[in-house]
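Below is one structure; the comments refer to it alone.
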Number of protein chains: 2
Amino acid sequence: MSTVPADRPKAAERIQAAAKDLFYRQGIRATGIEEVCRVADATKMSLYRSYPSKDALVAAVLSQDSACYDQWVLEVTQACATPGDKLRALVTAMVHKLSDAEYRGCPLLLAQAEFPDRDHPTHQWVAAQKARMRDGLVELARQAGAAEPGLLGDGLSMLMDGAWASLPYLGPERAGQVARQGAEALLRDALPQGG
Amino acid sequence: MSTVPADRPKAAERIQAAAKDLFYRQGIRATGIEEVCRVADATKMSLYRSYPSKDALVAAVLSQDSACYDQWVLEVTQACATPGDKLRALVTAMVHKLSDAEYRGCPLLLAQAEFPDRDHPTHQWVAAQKARMRDGLVELARQAGAAEPGLLGDGLSMLMDGAWASLPYLGPERAGQVARQGAEALLRDALPQGG
DNA sequence: TAGGTAAGTGACCGGTCGGTATCATCAAGA
DNA sequence: TCTTGATGATACCGACCGGTCACTTACCTA
């Protein structure tokens, strides 16, 4: 029962994986250290050997969330030939994600809402990450030859945030439809004939 | 010192006002009962005489937030002659609100993010209220003669939610610009020549 | 076979949480 | 004047929070 299969993930990894899941599903403040350890099948001492505090664990989880977004962008766009195709593929993938039953929106945005104080380090860190994600969209828009790359990138970014914010009351199908139409209007206005 | 000016607001009102402010600025879970009472200059017993639990206080505050939104819509639109003008006035007022230094986005959305579990009563209640707000926009769009009232109303609703979600990383000016252009595009596509 | 290291165990800490009990105070109306 | 209802003050409760302690177990490797 307490013997450990030799190829089991290390305690720190199990803890971070459990925290990522629980923080996302229940909220950060609503999730206690002991619950994380119980789900991870680890002990508090293992947690505190790898993370000096709960805040540090939160930071690690959010960093991982941010990295997951980067990888998601890579996977979605790597098969696309042009920057314009990449933008369209991202919109399609985002709309598709809205229908995932486990999906509750951008984890960074959720976290930021839990710390609405602008001076809170987590709030500021999330804002910086979201700005970075926005920059990526703006850069893609620039490469695609958009007349106003900033407007297209910012618009898509705002649209995505709005899509998952509206998910609870619009539902996945409707939110997907509206987001898709909005994105198509943005792309149509900004890109020269489908570039 | 402890004598009470006769025309002072009642304890329940002071408590609810303090809770509304603190819940919005710090978050609901981050705000303790005792802090609410301290700011309200009231005692815990006064709180529990008027509200059976913290959850009940939260519900009362969110109901007030919802009512404030309704009144805001009324104030913004009452001077407008046509439904189309009302929609445009709402967009303008929303953009203007983004520049308010105290503004942190829709309080209901903040609260919903604190309870990401879809089964949580607060989460569901917020979703119902947001759906009601959306219905109001759809009805205005229908009165304005929009080709697809649902698309215009849902689109504006999603755009507003996206605007304040993006506020922390876009900043008020940029978020306002992008939201305004998006709203104008929506209105332009949906409304027959400025109706 | 010895030693180092990662992990587990369970008790424990001070503090804070939401919530309750008891009693005193005070203004206003009958 | 006497009552009454709203409020204040304060001590208290059990539960849980994040975090720490001394100590044990299991595995890998030299």
Side-chain angles (χ1 to χ4, degrees), chain A residues 1-62 111 114-117 120-122, chain B residues 1-62 111 114-117 120-122:
Chain A
M1 186 71 71
S2 67
T3 60
V4 176
D7 56 352
R8 194 188 192 204
K10 293 197 181 287
E13 297 170 15
R14 291 184 340 250
I15 286 167
Q16 186 162 330
K20 185 177 178 226
D21 179 57
L22 291 172
F23 288 169
Y24 185 53
R25 279 180 21 226
Q26 306 182 347
I28 295 172
R29 294 198 117 107
T31 303
I33 291 288
E34 298 189 284
E35 186 177 9
V36 171
C37 292
R38 195 178 344 115
V39 170
D41 194 24
T43 62
K44 274 209 267 189
M45 276 319 296
S46 293
L47 192 159
Y48 282 101
R49 264 190 284 261
S50 302
Y51 308 93
S53 66
K54 182 183 181 179
D55 280 351
L57 177 59
V58 170
V61 167
L62 293 183
E114 287 206 65
F115 303 95
D117 182 355
H120 196 287
T122 301
Chain B
M1 186 71 74
S2 66
T3 60
V4 175
D7 57 351
R8 193 188 193 207
K10 295 199 180 281
E13 298 171 15
R14 279 166 14 230
I15 286 167
Q16 186 163 329
K20 185 178 179 225
D21 179 58
L22 291 171
F23 288 170
Y24 185 54
R25 278 180 22 227
Q26 307 182 346
I28 295 172
R29 295 197 115 108
T31 302
I33 291 288
E34 298 190 284
E35 185 177 9
V36 171
C37 292
R38 196 178 343 115
V39 171
D41 193 25
T43 61
K44 272 209 271 188
M45 277 318 298
S46 292
L47 192 158
Y48 281 101
R49 266 188 282 259
S50 301
Y51 307 94
S53 66
K54 182 183 181 180
D55 280 351
L57 176 59
V58 170
V61 167
L62 293 182
E114 286 207 67
F115 303 95
D117 183 354
H120 195 287
T122 301

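The structure presented is a predicted model; accordingly, all values stated were derived computationally and were not measured.
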Indicate, yes or no, whether a donor-acceptor pair under 3.5 Å links the base of D:dG5 to the side chain of B:Arg49.
no

Counting only side-chain heavy atoms from C-beta out, which of [options] sits nearest to [X]?
X       : options               : value
A:Ser46 : D:dG8, C:dT20, C:dG8  : C:dG8
B:Met45 : C:dT20, C:dG8, D:dT20 : C:dT20
A:Tyr48 : D:dT20, C:dG18, D:dT7 : D:dT20

Taking all non-hydrogen atoms of both residues into account, name the closest pair between B:Asp41 and B:Arg14 and its distance.
O-NH2, 2.7 Å

Please find the pair of heavy atoms, one from B:Ser46 and one from B:Ile15, that lie closest to each other, and give the distance.
C-CD1, 3.9 Å

How long is the line joining [atom1] of [X] and [atom2] of [N], in whole Å?
X       : N      : atom1 : atom2 : value
B:Glu13 : D:dA6  : CD    : P     : 13 Å
B:Lys10 : C:dA27 : NZ    : P     : 14 Å
A:Asp41 : C:dG8  : CG    : P     : 7 Å

Once side-chain contact (heavy atoms from CB on, under 4.5 Å) is applied, do any residues pair with A:Arg38, and if so which ones, sequence neighbours excluded?
A:Glu35

Starting at CD of B:Glu34, measure out to OG1 of B:Thr43 and round the result to the nearest 0.5 Å.
11.0 Å

Distance, nearest 0.5 Å, that separates CD of A:Gln26 from NE2 of B:His120
11.0 Å

Nearest nucleotide by nearest heavy atom, which residue falls closer to the 5' end of DNA chain C, B:Ile28 or A:Ser50?
A:Ser50

How would you list, by chain and number, every residue that makes a ring pair (Phe, Tyr, Trp, His ring centres under 6.0 Å) with A:Tyr24, sequence neighbours excluded?
none

Extract from the structure each pairing of a protein N or O with an N or O of nucleotides 12-17 of chain C at less than 3.5 Å, listing the distance.
none

